[in-house]
**Q** 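Encoded as structure tokens, here's the structure I'll be asking about.
Order of the sequence lines sets the chain letters (A, B, ...), proteins ahead of strands, with each chain counted from 1.
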Protein chains: 2
Amino acid sequence: MVNIVFDPGLDEAMSFLTESFSGRRLVVCFGLFSVEYLGRSSSSLGFGERLLVVKGDGSVLVHRGTGYEPVNWQPSGCRLKCMMVDDRMVLLSERRRPKEFLKMVFQKVYVMFSASPVDDARFMMGPSEETFYDILYSNPNLIEKGLKLVSRQKALSSGVPDFTGVDSAGNYVYVEVKRCVAGVDAVRQLDRYIRSQPGPLRGILLAPSLTNSAKALLVKKGYTFRRLDLKLLSGLVTMQPYEETLDRHLGSSAASK
Amino acid sequence: MVNIVFDPGLDEAMSFLTESFSGRRLVVCFGLFSVEYLGRSSSSLGFGERLLVVKGDGSVLVHRGTGYEPVNWQPSGCRLKCMMVDDRMVLLSERRRPKEFLKMVFQKVYVMFSASPVDDARFMMGPSEETFYDILYSNPNLIEKGLKLVSRQKALSSGVPDFTGVDSAGNYVYVEVKRCVAGVDAVRQLDRYIRSQPGPLRGILLAPSLTNSAKALLVKKGYTFRRLDLKLLSGLVTMQPYEETLDRHLGSSAASK
DNA sequence: GCGCTTAGCCGCTCA
DNA sequence: TGAGCGGTTAAGCGC
């Protein structure tokens, strides 16, 4: 649920902020204001048009029209207060330890909105799962020398092995890939795929490592374990897909020369 | 002039962005999107509601609902492109050196606006490191009684001690200054300077305090620690705008109590 | 809580 | 262009 106010009076802006703060909402505000900071260091910035972002956890960011870094800010955990002083809206943010203050005096608010972002995604360092499979698919030697892959699973559906291929001896192969330590369930999955097929098939489990029980089951079933070198793989990520995407849409638009 | 779009379709959002980028405008967008980064490192973040800020100079910031830091970003100077791919809006940002990409796939845009902020104010920092050096250089007694300084480092360059001088006993002295707690690296720095010289030199580390490890190394190397009294030093700073700022801050925080 | 280490650190200055 | 270094560094992890 996004609340938006366009060209509000300062009184209206103040109640909007007060309400948003008490609801711990994310607030974005573009307006004409001055900023002063006092704490470990100090700074002052006269009136100008800027972007203010206040997050639900009490982080504050003041951004000017250029540059990556906020001109003023406070990390999460700040207490915010909003008041009218001499027909100006004053926003005061207080950090407890170390004791620091940020003070913004608003002369005008052009637009502001608030929201409570729903965001459950996990931030993962390293290549995405899809990129990961792309690399393996184009570099089957990373799985096993002489292996040729003939198909890969579409999307992230189930009931299908990650890769199918033919090994150097001409055997048909099913490959199951895990990005972390593989457990018995990974071996069972591979086994299920293979037993669902009529002909004889080799099974390869590719993972950084195996649990003991998984290893036992793997040996019993006669499948092969191949170690996946995550570092090596990460190093092989290329920018080609990005560049191709850009090339395909040449002449769209550019923000800088 | 601020342009605002509320709940646009992705096609509409795309033309809005394209236009904003070509006009080098500041764009703020709250929507549901995924982010992938590839460059010096790589990362991926699935779909979620986030805030995207693109500045006119080609800086890009992706903020989640909490925390001071953007989850993904690119510094100024990036080239941006926007396109529709399979009914999704894709925003691609390219940094030249080092080569890096940021890719956002939008499923939904809740609200977005653009503006060309007018902001001529000068950002003024309070007592900076340089100011501190100025004061110390004119008041060597704050470092050590009878000390005479003969040179100071130019600007904030490297490979040079902060001050060189002669102490009351006639020994040549190198002084390394830290405004905050000095760690081992500060001692190492001092040591590097001194060992780079042929003759015998006293080393003085001036800082508000020392970490234990720094103290150990200092003693081992036979250098001297001098306490820097920040309060005292701050008292010697005279800076009209700064004092005004301070007064105003004290005024508001007193009023809010 | 404090102290220490890391970071896609950023941004600056100088060789 | 690369190296060194400061920063309102922030943030995470150990104690």
Side-chain angles (χ1 to χ4, degrees), chain A residues 35-45 55 57 59-62 66-78 93-103 123-127 234 237 239, chain B residues 35-45 57 59-64 66-78 93 95-102 123-133 153-162 176-186 188-190 192-193 196 207 209-216 230 242 245 249:
Chain A
V35 193
E36 285 171 56
Y37 156 73
L38 183 59
R40 285 165 294 177
S41 178
S42 65
S43 72
S44 70
L45 181 63
K55 297 193 185 182
D57 63 349
S59 336
V60 184
L61 306 165
V62 178
T66 60
Y68 156 81
E69 293 190 326
V71 62
N72 282 107
W73 72 91
Q74 287 194 285
S76 58
C78 291
S93 157
E94 178 188 5
R95 185 185 184 183
R96 291 302 174 71
R97 216 173 13 257
K99 198 84 164 175
E100 296 192 298
F101 295 94
L102 203 57
K103 181 183 167 189
F123 180 73
M124 298 274 287
M125 236 15 187
S234 297
V237 184
M239 314 215 172
Chain B
V35 192
E36 275 178 61
Y37 155 73
L38 181 56
R40 285 163 295 175
S41 176
S42 63
S43 73
S44 66
L45 180 63
D57 64 350
S59 335
V60 184
L61 306 165
V62 179
H63 276 278
R64 303 183 85 171
T66 60
Y68 156 83
E69 293 190 325
V71 62
N72 281 108
W73 72 91
Q74 287 194 283
S76 58
C78 290
S93 154
R95 185 185 183 183
R96 291 303 176 69
R97 220 173 17 256
K99 195 82 162 177
E100 297 194 295
F101 292 93
L102 203 57
F123 182 69
M124 300 271 287
M125 257 315 215
S128 62
E129 189 155 341
E130 210 178 344
T131 312
F132 275 123
Y133 289 149
Q153 73 170 13
K154 304 265 184 297
L156 300 172
S157 61
S158 59
V160 186
D162 292 319
E176 176 65 23
V177 184
K178 291 287 161 203
R179 282 206 298 160
C180 340
V181 187
V184 275
D185 49 335
R188 283 207 201 96
Q189 212 169 321
L190 179 61
R192 211 164 37 235
Y193 300 151
S196 73
S209 63
L210 273 180
T211 64
N212 283 334
S213 44
K215 190 173 190 168
L230 281 175
Y242 174 61
T245 301
H249 266 290

**Q** Between A/Leu45 (CG) and D/dT8 (P), how many Å, whole number?
**A**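 After rounding, the reported distance stands at 14 Å.
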**Q** Between B/Arg192 and A/Gly39, who's closer to the 5' end of DNA chain D by nearest nucleotide?
**A**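 Whichever sits nearer the 5' end wins; that is B/Arg192.
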**Q** Under a 3.5 Å distance rule, please check whether A/Lys55 uses its side chain to pair with a backbone N or O of B/Arg64 as donor and acceptor.
**A**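 Here the side-chain-to-backbone pair exists.
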**Q** Over all heavy atoms of both residues, which pair between A/Gly67 and B/Asp57 is shortest? Give the atoms and the distance, please.
**A**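 Of all heavy-atom pairs spanning A/Gly67 and B/Asp57, the closest is N-OD2, 2.7 Å.
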**Q** Please determine if a side-chain N or O atom of B/Arg97 lies less than 4.0 Å away from the OP1 or OP2 oxygen of D/dG2.
**A**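 B/Arg97 to D/dG2 OP1/OP2: no side-chain N or O under 4.0 Å.
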**Q** Output one letter per nucleotide in nucleotides 4-11 of chain C: B when a protein non-hydrogen atom lies under 4.0 Å from the base, S when only the sugar-phosphate is that close, - when neither is.
**A** S---BSSS
**Q** Whether the side chain of A/Glu100 engages the backbone of A/Arg40 through a donor-acceptor N/O pair (distance < 3.5 Å, no angle test) should be reported.
**A**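 Present.
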**Q** B/Val71 vs B/Leu45, test: side-chain contact (heavy atoms from CB on, under 4.5 Å). Steps then yes/no.
**A** CA-CA 9 Å; B/Val71 62; B/Leu45 180 63; 4.0 Å; yes
**Q** With sequence neighbours excluded, tell me which residues meet salt bridge (charged side-chain N to carboxylate O under 4.0 Å, His left out) with B/Glu69.
**A**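 Here no residue qualifies.
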**Q** If you measure from the C1' atom in C/dG11 to the same atom in C/dA7, how many Å do you get, rounded?
**A**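 Each nucleotide's C1' atom is 14 Å from the other's.
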**Q** On a whole-Å scale, what distance lies between the P atoms belonging to D/dT8 and D/dG4?
**A**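 Looking at atom P only, D/dT8 and D/dG4 are 22 Å apart.
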**Q** Given atom CG of A/Leu61 and atom P of D/dT8, what is their separation to the nearest angstrom?
**A**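 Roughly 15 Å, once rounded to whole Å.
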**Q** Just to verify, what does B/Glu36 make a salt bridge (charged side-chain N to carboxylate O under 4.0 Å, His left out) with, not counting sequence neighbours?
**A**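 Listed in chain order: nothing, the list is empty.
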